[in-house]
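Take a look at the structure below.
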Amino acid sequence: MKDALQQLLNNCIEKGSEKDLHALAYLLEGFQKNIDKKYTQYIDGLLHMERKIDKEKKTCEITVPLNAIWHNSLDMVHGGITATLLDTVMGTVINAILPEGYGAVTNQLNIHYIAPGIGDSLLCKAEIIHHGSKTVVISGEAFRSDGKKIAHATGTFFIIQK
């Protein structure tokens with residue numbers, strides 16, 4: 001496996017454009033953070049997520065730097081990346097406050113895209129708007145680096161026993 005991976009990496013380095021090499025470096029830096037235990041999930045490292053959780057206020061913020069690797073063909077953040085970030089920020093806030101032995105998983109996710117995801121970074125925020133015994137409803141928003149809101153989301157999460 002290591003030999004095949006080394007050959008693949010060497011081939012990418014040899015044949016890749018400057019843009020390709022920048023994207024590869026970004027991915028590998030994120031992967032390295034997982035190996036160094038700075039993140040617990042691969043998606044966190046790949047997106048270079050920085051999280052702030054306020055358990056008392058029941059809020060969470062995630063910031064990610066933007067990179068061309070997440071762009072669609074129109075040179076803006078792919079909607080799926082925005083959806084992943086919103087789902088993650090909303091899931092993080094509920095999982096942070098649940099008692100030991102419980103977790104939450106997405107039941108429904110609704111996203112309204114408002115503006116293109118462009119700029120240097122994205123900031124996603126989430127807050128709990130209803131916390132029942134079996135489900136939680138959470139509101140999320142995504143903002144680009146100039147402060148413009150690019151998406152608004154709501155999600156319903158099932159509370160499950162681990």
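For the pair Asn95 (side chain) and Ala104 (backbone), a donor-acceptor distance under 3.5 Å is present. No donor-acceptor pair closer than 3.5 Å links the side chain of Asp36 to the backbone N or O of Lys38. The backbone N or O of Ile159 lies less than 3.5 Å from no partner atom in the side chain of Tyr102, so there is not a single donor-acceptor pair. Formation of a donor-acceptor pair under 3.5 Å by the Asp87 side chain with backbone atoms of Leu109 is not found in this model. Using a distance-only test at 3.5 Å, with no hydrogens or angles considered, no donor-acceptor pair links the side chain of Ser121 to the main chain of Pro65. Side-chain atoms of Asp20 come within 3.5 Å of backbone N or O of Ser17 as a donor-acceptor pair.
Taking CD from Gln41 and OG1 from Thr92, the interatomic distance works out to 7.5 Å, rounded to the nearest 0.5 Å. Taken from CG in Asn67 to NZ in Lys19, the straight-line distance is 9.5 Å, to the nearest 0.5 Å. Leu123 contributes atom CG, which lies 7.0 Å from atom CZ of Phe143 (distance to the nearest 0.5 angstrom). Separation of atoms CG (Leu66) and OG (Ser145) is listed at 7.0 Å; rounding is to 0.5 Å. Distance OG1/Thr84 to CD1/Ile43: 5.5 Å, rounded to 0.5 Å. Distance CG/Leu46 to CG/Asn34: 6.5 Å, rounded to 0.5 Å.
There is no path of hydrophobic side-chain contacts, each under 4.5 Å, that joins Ile81 to Met76. Hydrophobic clustering places Trp70 together with Val89 (ILVMFWY residues linked when any side-chain heavy atoms are closer than 4.5 Å, directly or through intermediates). Linking Ile, Leu, Val, Met, Phe, Trp and Tyr residues whenever their side-chain heavy atoms come within less than 4.5 Å leaves Ile129 and Leu86 in two separate clusters. By the rule that hydrophobic residues join a cluster once side-chain heavy atoms approach within less than 4.5 Å of another member, Ile53 and Val136 end up as members of separate clusters. Tracing side-chain contacts under 4.5 Å through hydrophobic residues (I, L, V, M, F, W, Y), one reaches Ile150 starting from Val64; they form part of the same cluster.
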- Evaluate the side chain to side chain contact (heavy atoms under 4.5 Å, CB included) criterion for residues Ile138 and Ile94: first the C-alpha distance (whole Å), next the side-chain angles of each, then the deciding distance (0.1 Å), finally the verdict. CA-CA 8 Å; Ile138 302 172; Ile94 184 56; 3.8 Å; yes
- Please assess Leu98 against His131 for the test side chain to side chain contact (heavy atoms under 4.5 Å, CB included), listing each intermediate value before the final yes or no. CA-CA 10 Å; Leu98 287 175; His131 188 172; 4.0 Å; yes
- Query: So Asn10 and Gln6, side chain to side chain donor-acceptor pair (under 3.5 Å) or not? Walk me through it.
  - Reply: CA-CA 6 Å; Asn10 289 342; Gln6 186 67 53; 3.1 Å; yes
- Stepwise side chain to side chain contact (heavy atoms under 4.5 Å, CB included) test for Thr63 and Met49: CA-CA 6 Å; Thr63 304; Met49 290 184 191; over 6 Å; no
- Message: Is there a side chain to side chain contact (heavy atoms under 4.5 Å, CB included) between Ile35 and Phe31? Walk through the geometry before answering.
- Response: CA-CA 7 Å; Ile35 291 170; Phe31 198 83; 3.6 Å; yes
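In this structure, the side chains of Thr106 and Met90 stay at 4.5 Å or more apart for every pair of heavy atoms. Using a 4.5 Å heavy-atom threshold, the side chains of Asn110 and Gln108 count as touching. Inter-residue side-chain proximity for Lys2 and Leu5 is flagged as unmet; no heavy-atom pair is nearer than 4.5 Å. At a threshold of 4.5 Å between non-hydrogen side-chain atoms, the residues Glu61 and Val93 do not count as touching. For the pair Phe158/Lys134, no side-chain contact is recorded, criterion being any heavy-atom separation below 4.5 Å from C-beta on. Between Val137 and Ile128 the shortest side-chain heavy-atom distance does not fall below 4.5 Å. Using a 4.5 Å heavy-atom cutoff, the side chains of Thr88 and Leu47 are not in contact. Residues Ile114 and His152 have side chains in contact (heavy-atom distance under 4.5 Å, counting atoms from C-beta outward).
When all heavy atoms of Lys55 and Ile97 are compared, the closest pair comes out as O-CG2, 3.9 Å. Of all heavy-atom pairs between Cys12 and Leu21, the closest is O-CD2, 3.9 Å. When all heavy atoms of Ala115 and Arg144 are compared, the pair lying nearest together is CB-NH1, 4.3 Å.
Environment of OH in Tyr113: crowded, with over 12 heavy atoms of neighbouring residues, nucleotides or ligands closer than 6.0 Å. Other residues, nucleotides and ligands contribute more than 12 heavy atoms inside 6.0 Å of the NZ atom of Lys33. Atom NE2 of His78 sits in a sparse spot, with 12 or fewer heavy atoms from other residues, nucleotides or ligands closer than 6.0 Å. Heavy-atom neighbours of Asp120 CG from other residues, nucleotides or ligands within 6.0 Å: at or below the threshold of 12.
Within the 6.0 Å centre-distance limit, the rings of His48 and Tyr26 are counted as a close aromatic pair.
With Glu141 as reference, Lys149 is the one residue of Lys125, Lys149, Lys148 to meet the salt bridge (Lys or Arg N to Asp or Glu O under 4.0 Å) rule.
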